[in-house]
Amino acid sequence: MDRRSQEYAQQKSLRAEVMWQALQRIIPDIRQRCDVTLVGTPLTHERYLRRHRGSYGPAIRAGVGLFPSPRTPIPGLLCCGDSTFPGIGLPAVAASGMMTANTIAPIHKHLQMLNL
Ligand SMILES: Cc1cc2nc3c(=O)[nH]c(=O)nc-3n(C[C@H](O)[C@H](O)[C@H](O)COP(=O)(O)OP(=O)(O)OC[C@H]3O[C@@H](n4cnc5c(N)ncnc54)[C@H](O)[C@@H]3O)c2cc1C
């Protein structure tokens, strides 16, 4: 769909309606209590988060391969996030950041700094 079209705007509000109704069961005046509401769609994820076709994130099928390590061919440049090992999702992304930090500053470097 063209994200500037009337059809898209209608579809977006129709899909959001399901979530509003679910929330209203718990918080009946939720709509009046919201100052700002933003509805995201796969087109939003594609545009603002650079997600391929608006997906949740990159995926490599189990058994087919692994996400790349933080190292890159450029010396001193490391990557972390959901395009690197272990993959998508906040826990995996946090682990990727920790692994990258550990690659730069492993425990023996910490001990050296502490003169241990
Ligand atoms: C709809 C949706 C639902 C999800 N639900 C869950 C969930 O329930 N649980 C879960 O664990 N995970 C979920 N995920 C996955 C999770 O959000 C991602 O795996 C995670 O946020 C990726 O973190 P990241 O730091 O690698 O990238 P991002 O969080 O995408 O951060 C990348 C940042 O870089 C910025 N950026 C991009 N290009 C540039 C540039 N050129 N210059 C400067 N900045 C730039 C972007 O604006 C963004 O802020 C979901 C993802 C989506 C899309």
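In this text, all values refer to a predicted model and were calculated from it rather than measured experimentally. Counting starts at 1 for both ligands and their atoms, in listed order.
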Could you give the distance from CD1 (I60) to CZ (F85), rounded to the nearest 0.5 Å? 10.5 Å
Run through all N or O atoms in ligand 1 and write down each protein N or O closer than 3.5 Å, as a pair with its distance.
unit_1, atom_1, unit_2, atom_2, d
ligand 1, 11 (O), L90, N, 2.8
ligand 1, 19 (O), D82, OD2, 2.9
ligand 1, 19 (O), G89, N, 2.9
ligand 1, 26 (O), D82, N, 2.8

Using side-chain heavy atoms (C-beta onward) and a distance below 4.5 Å, is C80 in contact with V93? no
Does the side chain of T103 come under 3.5 Å of the side chain of T100 through a donor N or O and an acceptor N or O? no
Can you see whether Q21 engages E17 through a side-chain donor-acceptor pair at a distance of less than 3.5 angstrom? yes
Just wondering, more than 12 heavy atoms not from R15 lying within 6.0 Å of its CZ? no
Please report the closest heavy-atom contact between F67 and P86, naming both atoms and the distance. CD1-O, 3.6 Å
